[in-house]
Amino acid sequence: MQEYNPKEIESKWQKYWEEKKTYKTPENATHDNKMYILPQLPYPSGSGLHVGHAEVYTACDIYARYQRMLGKKVLQVIGWDSFGLPAENYAIKTNIHPQESTEKAIDTFREQIKSLGISVDWEREVGSHNPDYYKWTQWFFLLFYKRGLAYRKKQSVNWCDSCKTVLANEQVEDGKCERCSTVVEQRDMEQWYLKITEYADRLLKDLDKVDWPEETVKRQKDWIGRSEGAMVEFKIQNSKFKISVFTTRPDTLFGATYMVLAPEHELVQDFKNKIENWEEVEEYISQTKLKTDLDRQTEKEKTGVELKGIKAINPVNNEEIPVWIADYVLSSYGTGAIMAVPAHDERDWEFAKKYGLPIKQVVARQIGDRKEEGYCRPGAYGIIQKDNKVFVLFDKEHGYYRLPGGGFDKEDKTPEEALKRELAEETGFVNYEIGEHFTKLEACSYTGDGEAYQHRMLHAYYVKLIDETRNKDLLEEHKDWDYHWMTYDEAVDAFDSNPQEIGEIDLIALAMDKQTPCFTGEGVSVNSDFLDELITNDAKEKMIAWLEENKLGERKVQYKLRDWSVSRQRFWGAPIPMLYDEKGELHPVPENDLPVLLPNDVDFKPTGESPLNYSKDFNAGVEEKYGRGWKREPDTLDTFMCSSWYYYRYLDPHNDKEFASPESLKTWMPVDFYLGGPEHVNGHLLYSRFFTKVLFDEGLVGFDEPFLKHRHQGLILGEDNRKMSKRWGNVINPTDIVNEFGADTARMYEMFMGPLEDDKPWDMNGVKGIRRFLEKIWKLQDKVQADAESDSKLLHKTIKKVTEDIEKMHFNTAISAMMELVNEWQKADKISKEDFAIFVKLLSPFAPHMAEELWSELGSGSTITFETWPEYDESLIQDDMITLVVQINGKVRANLEVSADISESEAKDKALEEDNVKKWLEGKQPKKVIYVKGKLVSIVV
RNA sequence: GCCCGAGUGGCGGAAUUGGUAGACGCGCACGACUCAAAAUCGUGUUCCUUCGGGAGUGAGAGUUCGAUUCUCUCCUCGGGCACCA
């Protein structure tokens with residue numbers, strides 16, 4: 001037998017696969033037997049393939065090869081995200097055209113990926129910088145335009161002065177450009193936007209449909225940032241103007257003591273004539289404009305200016321309140337204006353403290369240790385009703401405010417006084433102002449009766465019953481209560497109790513009804529956060545209803561998500577297919593005229609204006625074709641536009657009539673498995689979902705989520721445990737590993753390092769270990785004999801383990817299992833040929849070149865690619881003899897070799913007869929003997 | 001500040017409907033082969049130990065016959081968001 005020579009066999013098989021078109025996408029695929037595996041689209045950087053890329057492609061490839069052996073028709077393609085800034089920046093530096101440097105980089109990438117033996121269909125390769133690709137990127141833009149989802153607006157944008165380009169929010173890191181680390185400034189510019197906000201609710205809701213990492217779903221949800229609340233209108237005194245604000249806490253409206261507008265708010269300009277201190281205001285506005293996002297973030301102290309001469313009216317109590325502008329209010333969220341409730345909002349509180357604005361508390365409960373004067377975290381509170389009637393207050397201990405049991409102190413003449421004193425004593429709010437809202441406090445009566453207190457105005461009655469039948473009487477007794485049923489788990493969550501405790505309780509009421517005193521379950525304390533939420537939500541609902549009834553406001557759902565800015569004043573991207581006529585009116589480029597080609601005569605030096613403006617070729621013939629004075633839109637599209645739909649192009653890459661044919665869409669979509677980095681969660685992944693939903697609404701696809709199952713790869717760190725970087729000199733080039741150890745070793749090592757999704761450091765010795773393992777397998781060939789019989793038990797256990805682990809993407813443990821088998825076989829004299837062939841199949845997704853070679857040595861004339869994946873024999877993986885552990889008081893004192901079908905009593909008897917057990921029992925009688933089938937006997941003395 | 005996630009030998013990591021913690025690999029030690037080294041093979045390898053055992057999965061408590069796994073508190077590290085009203 002020859003020595004294991006990976007170089008030789010790897011190039012041999014790579015050539016074979018290429019010649020035989022082994023990995024060409026099957027043409028007879030149907031929706032039921034297809035398997036679409038998608039490794040994320042790489043940016044072909046000049047520095048070549050990274051070990052992180054290799055990890056993604058190998059993991060996808062293992063899965064793809066496994067699926068082929070299960071009989072699936074697999075689609076696996078690789079393409080290039082080949083437009084973008086780095087190539088253009090490189091061009092500026094070196095004067096090498098991006099087209100040239102990009103294509104060179106692609107050639108390198110392609111060769112490197114091929115050298116890893118990744119089984120992709122190279123006939124379907126696409127590159128987003130090719131006109132036959134970006135034609136369709138432009139087509140997508142027109143689709144958005146047609147559906148009213150693309151628009152231009154002037155807005156303050158993130159501007160990187162070094163890249164001379166606009167950056168999306170996710171391209172800004174810590175206020176700096178993610179590419180060049182220049183501090184990002186704000187500039188007012190007219191830009192193209194896509195109305196992704198119109199899809200915010202669906203993008204949020206449909207996350208329930210996908211199988212993605214939990215954290216990823218959560219991050220995307222947070223990014224979309226839905227909050228529920230109300231729009232409330234505040235009139236401006238002596239004027240026709242109104243200011244709308246969004247609030248999530250309408251229940252604190254009574255505490256709104258001033259308003260704040262973002263400096264950019266348009267009403268500020270409308271008030272110009274009325275504002276007495278206009279100069280000061282104007283100065284503040286221009287200062288704000290100069291500030292970068294970074295400045296705004298790092299500034300600790302809030303600033304602002306009052307609009308003197310302007311007063312707003314709080315709609316719930318008609319109080320006159322001042323109006324300010326301040327840059328802590330964002331113009332881009334909600335209406336760009338807020339009602340400030342300093343008593344219950346930390347930011348408003350800070351601001352009010354600084355400028356001496358009134359702080360009026362309308363929520364009584366103080367939470368935590370923040371005893372600073374006047375501040376109270378939003379929590380339980382008093383609520384208003386129609387005629388300013390109010391109330392219920394809550395205390396620290398019980399979650400509701402409790403007046404002194406049995407009445408009030410002698411000094412207290414009225415309930416209000418008692419309340420005021422209590423508040424001061426228990427919360428430390430010296431300046432608490434009870435005010436007129438509480439003058440009708442007679443509505444809140446109370447009876448002191450041990451644990452039970454009554455607050456008649458409270459309407460939240462929450463009751464838990466463990467056993468309905470058992471509590472029939474209680475139910476009957478309280479039939480006028482509002483019941484809220486909870487599951488067992490909810491109850492455990494809701495109360496600071498352990499499950500056992502909950503189990504023993506019949507009924508828990510958190511609050512009380514109009515007539516009946518409060519009822520708390522015995523031995524149960526109430527979780528204050530839970531109560532807060534309960535009470536606050538109840539109050540919010542009531543307040544919103546009241547606002548709507550009185551036409552002062554309405555229910556509103558607000559999102560953090562902003563529209564997607566897609567224009568770039570750069571050269572190396574897809575031109576935006578729009579035209580301006582002689583009046584400056586917009587017109588889409590007719591579909592037949594696509595693609596709008598990127599010209600070659602461009603000076604790509606950044607000026608801050610779009611380079612395409614100065615291209616003769618680009619503008620040539622426009623007037624002749626479209627009309628006098630017509631001009632092309634000179635901006636190019638954000639590269640995220642290119643990568644938002646590439647997985648569709650793979651389906652039908654040479655189609656020049658459609659982005660993909662309806663048949664191909666029907667057959668292959670959605671993607672079955674998508675592997676990509678966690679950095680794309682709020683960019684690429686969100687945009688791709690948006691694209692798909694628009695296609696769905698246009699009736700072009702029959703599904704509205706593109707990626708069913710999605711996972712992230714972890715970061716591969718350098719041997720020094722730091723992120724790989726030229727700066728640290730710790731970069732590992734996968735091609736060096738392939739050259740020195742072979743592709744199979746490189747692939748297997750990357751998979752063996754640890755769980756796919758974890759960050760893990762590189763270890764050269766680990767690579768050698770994998771190479772040793774492959775050598776061991778190679779040498780097993782000597783022992784393979786056609787007529788040999790071998791014990792197949794371990795083999796079948798291995799089949800089971802490897803199969804299950806591939807399904808779960810636990811490649812590291814799948815490899816461990818194969819190692820265990822090989823270690824056993826190494827000790828044997830002979831190995832049955834049949835068994836070895838099965839093992840080679842298990843190995844083939846991981847080390848395809850070696851597997852092909854071993855497979856052909858076993859006598860096959862063709863590739864192992866389409867052989868059937870082995871199944872394990874259930875009967876063979878059952879052990880006849882098992883080891884029973886005997887524990888005495890939790891400590892292992894003996895091991896019993898017993899037959900697997902031993903009965904409970906037999907096992908217990910046998911355990912007690914053991915010498916060592918007898919010794920440890922010291923003649924004592926066991927109190928209890930526990931038997932766990934197939935595992936252990938536990939003896940308690 | 002808020003929200004997640006994770007802490008297991010010298011290292012990467014295994015093991016969860018609660019059931020012998022440390023699979024597999026690396027490293028290390030010893031042995032075989034060799035004049036020698038490398039490579040390879042074999043044996044051992046959580047720590048302490050008076051060799052009977054004892055301790056041990058970030059710390060502390062709790063539930064249990066039994067906890068890396070469940071509950072609570074705290075610590076450390078990593079990630080995300082960051083004036084979102």
Participant: If you assign Ser938(A) and Lys560(A) each to the RNA chain B nucleotide with the nearest heavy atom, which residue ends up on the more 5' nucleotide?
Facilitator: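 Nearer the 5' end of the strand: Ser938(A).
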Participant: Return the pairing partner of C83(B) with a 3.5 Å limit on both distances, Watson-Crick or G-U wobble; otherwise return none.
Facilitator: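 Base partner found: none.
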Participant: Under a 3.5 Å limit for both distances, which nucleotide forms a Watson-Crick or G-U wobble pair with A61(B), could you say?
Facilitator: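 Because both required distances fall under 3.5 Å, A61(B) counts as paired with U71(B).
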Participant: Please pick, from G25(B), G54(B), G19(B), the nucleotide with the shortest atom-to-atom distance to any side-chain atom of Trp920(A).
Facilitator: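 Closest of the options to the side chain of Trp920(A): G54(B).
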Participant: Which way is the base of G52(B) turned, syn or anti, if we draw the line at 90° from 0?
Facilitator: syn
Participant: Taking the C1' atom of each, how far is G22(B) from A15(B), in whole Å?
Facilitator: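 Comparing C1' positions in G22(B) and A15(B) gives a spacing of 9 Å.
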Participant: With the side chain of Arg219(A) defined as its heavy atoms from C-beta on, choose the nearest nucleotide among G25(B), G80(B), G19(B).
Facilitator: G80(B)
Participant: If we take the P atom in both C30(B) and C75(B), what is their distance in whole Å?
Facilitator: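 Straight-line distance between the two P atoms is 45 Å.
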Participant: I'd like the C1' distance from A59(B) over to U40(B), given in whole Å.
Facilitator: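 It works out to 46 Å between them.
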Participant: When the distance from CZ of Phe773(A) to C1' of A39(B) is rounded to whole Å, what number comes out?
Facilitator: 20 Å
Participant: To the side chain of Pro755(A), which of G13(B), C41(B), G54(B) is closest?
Facilitator: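 Per side-chain heavy atoms of Pro755(A), the pick is G13(B).
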Participant: For the pair Thr252(A) (side chain) and Arg249(A) (backbone), establish whether a donor and an acceptor sit closer than 3.5 Å, ignoring hydrogens and angles.
Facilitator: yes
Participant: Side chain of Ser816(A): nearest nucleotide among A23(B), A85(B), G25(B)?
Facilitator: A23(B)
Participant: Under the criterion side-chain contact (heavy atoms from CB on, under 4.5 Å), which of Asp348(A), Leu261(A), Ile243(A) is the partner of Ile338(A)?
Facilitator: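 Checked Asp348(A), Leu261(A), Ile243(A) against Ile338(A); only one passes side-chain contact (heavy atoms from CB on, under 4.5 Å): Asp348(A).
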Participant: Where the side chain of Arg893(A) is concerned, which of C65(B), U20(B), G53(B) is the nearest nucleotide?
Facilitator: G53(B)
Participant: Quick one: look up who U43(B) pairs with, Watson-Crick or G-U, both distances under 3.5 Å, and put none if it's unpaired.
Facilitator: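 Here U43(B) is engaged in a pair, and the nucleotide opposite it is A29(B).
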Participant: Of the listed nucleotides (G12(B), C65(B), C26(B)), which one gets closest to any side-chain atom of Val940(A)?
Facilitator: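 Selected nucleotide (nearest to the side chain): C65(B).
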Participant: Report yes if a side-chain nitrogen or oxygen of Lys218(A) is closer than 4.0 Å to either non-bridging phosphate oxygen (OP1 or OP2) of C4(B); otherwise report no.
Facilitator: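 The answer is no; no side-chain N or O of Lys218(A) sits under 4.0 Å from OP1 or OP2.
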Participant: May I ask you to say whether Lys218(A) pairs ionically with Glu214(A), meaning some side-chain N is under 4.0 Å from a carboxylate O?
Facilitator: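 No, this pair does not count.
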Participant: The side chain of Phe752(A) is closest to which nucleotide in this list: A85(B), C41(B), G25(B)?
Facilitator: G25(B)
Participant: Need one value for Asn823(A): base, sugar-phosphate or nothing, where a base atom within 4.0 Å counts as base even if backbone is also close, heavy atoms only.
Facilitator: sugar-phosphate
Participant: Over how many whole Å does the gap from Leu330(A) atom CG to C81(B) atom P extend?
Facilitator: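 The distance from CG of Leu330(A) to P of C81(B) comes to 16 Å, rounded to the nearest Å.
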Participant: If you measure from the C1' atom in G12(B) to the same atom in U8(B), how many Å do you get, rounded?
Facilitator: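 Taking atom C1' in both G12(B) and U8(B), they lie 12 Å apart.
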Participant: Over all strands shown, is Asn812(A) touching base, sugar-phosphate only, or nothing at heavy-atom distances under 4.0 angstrom?
Facilitator: sugar-phosphate
Participant: Taking the nucleotide of RNA chain B with the nearest heavy atom to each, does Met339(A) or Ile930(A) sit closer to the 5' end?
Facilitator: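 Final value for this comparison: Ile930(A).
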Participant: Using atom C1' of each nucleotide, how far apart are C74(B) and A23(B) to the nearest Å?
Facilitator: 33 Å
Participant: For the base of C83(B), is there a side-chain donor-acceptor partner from Lys302(A) under 3.5 Å away?
Facilitator: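 Counting by modelled atom types and ignoring angles, a donor-acceptor contact under 3.5 Å is found here.
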Participant: Just checking Gly334(A): base, sugar-phosphate only, or nothing, at a heavy-atom cut-off of under 4.0 Å?
Facilitator: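 If one applies the 4.0 Å heavy-atom cut-off, Gly334(A) turns out to touch nothing in the nucleic acid.
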Participant: When you look at NZ of Lys354(A), are more than 12 heavy atoms from neighbouring residues, nucleotides or ligands closer to it than 6.0 Å?
Facilitator: yes
Participant: Could you check how far CZ of Arg771(A) sits from P of A38(B), rounded to whole Å?
Facilitator: 19 Å
Participant: What is the separation between atom OH on Tyr931(A) and atom C1' on G66(B), rounded to the nearest whole Å?
Facilitator: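 Distance, rounded to whole Å: 17 Å.
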Participant: Just say parallel, tilted or perpendicular for the rings of Tyr355(A) and Trp324(A), cut-offs at 30° and 60°.
Facilitator: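 Judged by the thresholds at 30° and 60°, the geometry between Tyr355(A) and Trp324(A) is tilted.
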Participant: Verify the contact: side-chain N or O of Thr883(A) to OP1 or OP2 of U20(B), cut-off strictly under 4.0 Å; return yes or no.
Facilitator: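 The answer is no; no side-chain N or O of Thr883(A) sits under 4.0 Å from OP1 or OP2.
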Participant: Check every atom of G53(B), U20(B), A55(B) against the side chain of Lys891(A) and return the nucleotide holding the closest atom.
Facilitator: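 The nucleotide sitting nearest to the side chain is A55(B).
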Participant: His810(A) NE2 to A23(B) C1': how many Å, rounded?
Facilitator: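 Result: 15 Å.
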Participant: In terms of relative ring orientation, are Trp825(A) and Phe839(A) parallel, tilted or perpendicular, with 30° and 60° separating the classes?
Facilitator: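 Rings of Trp825(A) and Phe839(A): perpendicular, over 60°.
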Participant: For A14(B), what is the paired nucleotide under Watson-Crick or G-U wobble rules, both distances under 3.5 Å?
Facilitator: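 The base-pairing partner of A14(B), which may sit in any strand shown, does not exist here.
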Participant: Base, sugar-phosphate, or nothing: which does Asp222(A) touch, judged by heavy atoms less than 4.0 Å apart?
Facilitator: nothing
Participant: Of the candidate nucleotides G27(B), U20(B), C83(B), which contains the atom at the shortest distance from the side chain of Tyr328(A)?
Facilitator: C83(B)
Participant: Taking atom C1' of U17(B) as reference, at what distance in whole Å does atom NZ of Lys933(A) sit?
Facilitator: 16 Å
Participant: Need the glycosidic conformation of G53(B): syn if within 90° of 0, anti if not. Which one?
Facilitator: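 Chi for G53(B) falls in the anti range.
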Participant: Using a distance-only criterion (donor-acceptor N/O pair, under 3.5 Å, no hydrogens), is the base of G19(B) paired with the side chain of Gln887(A)?
Facilitator: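 It does, because a donor-acceptor pair links the side chain of Gln887(A) to the base of G19(B) below 3.5 Å.
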Participant: Using the C1' atom on both, measure U69(B) against G58(B) and round to a whole Å.
Facilitator: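 Here U69(B) and G58(B) have their C1' atoms 16 Å from each other.
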Participant: In whole Å, what is the span from the CD atom of Glu897(A) to the C1' atom of U20(B)?
Facilitator: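 Spelled out: CD on Glu897(A) to C1' on U20(B) is 12 Å.
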Participant: Evaluate the criterion side chain to side chain contact (heavy atoms under 4.5 Å, CB included) for residue pair Leu685(A) and His710(A); output intermediate values, then yes/no.
Facilitator: CA-CA 10 Å; Leu685(A) 278 179; His710(A) 177 54; 3.4 Å; yes
Participant: Could you give the distance separating U20(B) and C26(B) at their P atoms, to the nearest angstrom?
Facilitator: 26 Å
Participant: With both distances under 3.5 angstrom, what nucleotide forms a Watson-Crick or G-U wobble pair with G56(B)?
Facilitator: none
Participant: From the options A15(B), G53(B), C24(B), select the nucleotide whose nearest atom is closest to the side chain of Glu820(A).
Facilitator: C24(B)
Participant: Could you walk me through whether Phe351(A) and Tyr328(A) pass the ring pair (Phe, Tyr, Trp, His ring centres under 6.0 Å) check?
Facilitator: CA-CA 9 Å; Phe351(A) 193 77; Tyr328(A) 83 91; 5.1 Å; yes
Participant: How long is the line joining CE of Met764(A) and P of C11(B), in whole Å?
Facilitator: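 In whole Å, C11(B) P lies 21 Å from Met764(A) CE.
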Participant: Hey, is NZ on Lys933(A) packed in by over 12 heavy atoms from elsewhere, all under 6.0 Å?
Facilitator: no
Participant: Given the C1' atoms of G18(B) and G31(B), what is the spacing between them in whole Å?
Facilitator: 42 Å
Participant: My understanding is that a pair needs two contacts under 3.5 Å, Watson-Crick or G-U wobble. By that rule, which nucleotide pairs with G5(B)?
Facilitator: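 G5(B) is paired, partner C77(B).
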